[in-house]
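Taking it in order: structure first as structure tokens, then the write-up.
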Amino acid sequence: MNYWLMKSEPDVFSLDDLCQRPQQQEPWDGVRNYQARNMMRDEMRIGDQVFFYHSNCAQPGIVGIMDIARAAYPDFSAHDHTSNYFDVKSTPDKPRWFMVDVHYVRHLRRVITLKELKDQVQLQDFQLIRRGNRLSIMPVSSVNWGFILSLEEDAPPLS
DNA sequence: GCCAACGTTGGC
DNA sequence: GCCAACGTTGGC
């Protein structure tokens, strides 16, 4: 099984939004970056575990856990003229963009903030906190996954 | 294939 | 709102 982190702006789609879906499941549409697409299309498997990360908000950080409920299939929002994610170069015949379905697992007991992650000596190899990182989807090693989860048990940092 | 211009991400 | 970092586009 593989571990991942996926970012979303909570104003657009939050962990609470996912939690409130009827099946607590949702297509992860709108990814328009080739590296991120390739990871979804080529490497994500049903049952993989995913950190849900809130970006571009007051308190950026990991807020919960999802799993992969459906492997990659064409992102239909690319073919929808009314969608923000419309891409004239993607067609149903030759889809350029792919997505997976994610499924809610749980909220973390507290937000593990970006700042807190950056402060961890043990996470210096974690892509999320490397300079200039902008990928919205990234792999998480099983070691880092376990370590980050262990932070959940700690008291939140005071600052 | 090079690279300047431009657009986007996302923390702060 | 600012801006650093990075990806994409398109002229040549």
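It should be emphasised that the depicted structure is a prediction, and the values quoted were computed from it without experimental measurement. When reading the values below, keep in mind they use all heavy atoms of this one structure, side chains included, and skip hydrogens, waters and symmetry mates.
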Nearest whole angstrom, please: distance from the [atom2] of [N] to the [atom1] of [X].
{"X": "A:Leu117", "N": "B:dG10", "atom1": "CG", "atom2": "P", "result": "15 Å"}
{"X": "A:Leu128", "N": "B:dG11", "atom1": "CG", "atom2": "C1'", "result": "11 Å"}
{"X": "A:Met6", "N": "B:dT9", "atom1": "CE", "atom2": "P", "result": "15 Å"}
{"X": "A:Asn133", "N": "B:dG10", "atom1": "CG", "atom2": "C1'", "result": "10 Å"}
{"X": "A:Gln127", "N": "B:dG10", "atom1": "CD", "atom2": "C1'", "result": "16 Å"}
{"X": "A:His54", "N": "B:dG10", "atom1": "NE2", "atom2": "P", "result": "13 Å"}
{"X": "A:Ile129", "N": "B:dC12", "atom1": "CD1", "atom2": "P", "result": "12 Å"}
{"X": "A:Arg130", "N": "B:dG10", "atom1": "CZ", "atom2": "P", "result": "17 Å"}

Qualifying ring pair (Phe, Tyr, Trp, His ring centres under 6.0 Å) pairs, either residue in residues 105-126 of chain A, two or more places apart: A:Tyr104-A:His107
Test item: A:Arg109 side-chain N/O and A:Glu153 main-chain N/O as donor-acceptor pair under 3.5 Å: no
Sub-4.5 Å side-chain heavy-atom contact between A:Lys7 and A:Met138: yes
Comparing A:Arg96 and A:Arg131 on DNA chain C - which has the more 5′ nearest nucleotide: A:Arg131
Show the distances under 3.5 angstrom between N or O atoms of the protein and N or O atoms of nucleotides 3-8 of chain B.
from, atom 1, to, atom 2, distance (Å)
B:dT8, O2, A:Arg134, NH2, 3.0

Any A:Tyr53 side-chain N or O less than 4.0 Å from OP1/OP2 of B:dT9: no
OP1 or OP2 of B:dG10 under 4.0 Å from side-chain N/O of A:Lys7: yes
Cluster overlap A:Phe52 with A:Val31, hydrophobic side-chain contacts below 4.5 Å: yes
Check against side chain to side chain donor-acceptor pair (under 3.5 Å), A:Tyr73 and A:Arg41: CA-CA 8 Å; A:Tyr73 61 108; A:Arg41 188 188 59 188; over 6 Å; no
Counterpart residues, ring pair (Phe, Tyr, Trp, His ring centres under 6.0 Å), relative to A:Tyr3 (two or more places apart): A:Trp145
Side-chain donor-acceptor pair present, A:Trp97, A:Asp87, cut-off under 3.5 Å: yes
